[in-house]
J.: 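Have a look at this one before I ask anything.
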Amino acid sequence: MTRTGAMLAMLLLSGCGEPPTAQPALAPGFTFASKSITLPEDRTTLPVGAATALVAQNCTGCHSAEMLTTQPKLNAKTWAAEIAKMRTVYHAPIDPADDERLVAGLMALPTQGSPRP
């Protein structure tokens, strides 16, 4: 028997590579249970348009339309900083090439908040 064949035979005999036959034990008193929650319905919609479509594509995965439309009125520099924060801190997959159009779309949203610099 060759050296490779002997190693293969040892692996097969030791059970290496076979799935475990038993599940690991859970701590005493620990059980898994399915739960469900009901989230509130978001009745707010974003206005239709090319600028807001980019907002919907990049922002509504995490933020509701209501949350976006109740932000204070922000200037372009502040929105750009918010977009940069979402990308760097929260790892949002926002293409930097879209920043200018995204800022324009966010500034075009109707807001209910008071103006802020």
J.: Is there a side-chain contact between His63 and Gln71, using heavy atoms and a 4.5 Å cut-off?
T.: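 Not in contact.
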J.: Only distances under 3.5 Å count here; give the side-chain donor-acceptor pairs of residues 92-110 to other protein atoms, sequence neighbours excluded, each with its distance to 0.1 Å.
T.:
unit_1 : atom_1 : unit_2 : atom_2 : d
Asp95  : OD1    : Ala97  : N      : 3.0
Asp98  : OD1    : Arg101 : NH2    : 2.8
Asp99  : OD1    : Arg87  : NH2    : 2.4
Asp99  : OD2    : Arg87  : NH2    : 3.1

J.: Using 0.5 Å steps for rounding, measure from the CG atom of Leu68 to the SG atom of Cys62.
T.: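 If we round to the nearest 0.5 Å, Leu68:CG and Cys62:SG are 10.5 Å apart.
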J.: Donor-acceptor pairs under 3.5 Å, side chain of residues 44-56 to any protein atom, not counting sequence neighbours: which ones?
T.:
unit_1 : atom_1 : unit_2 : atom_2 : d
Thr52  : OG1    : Pro47  : O      : 2.5
Thr52  : OG1    : Gly49  : N      : 3.4
Thr52  : OG1    : Gly49  : O      : 3.3

J.: Say whether, by atom type as modelled, one donor and one acceptor occur between the side chain of Thr88 and the main chain of Ala84 under 3.5 angstrom.
T.: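 Yes: the side chain of Thr88 pairs with the backbone of Ala84.
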J.: Please report, to 0.1 Å, the donor-acceptor pairs under 3.5 Å made by any side chain of residues 28-37, with sequence neighbours excluded.
T.:
none

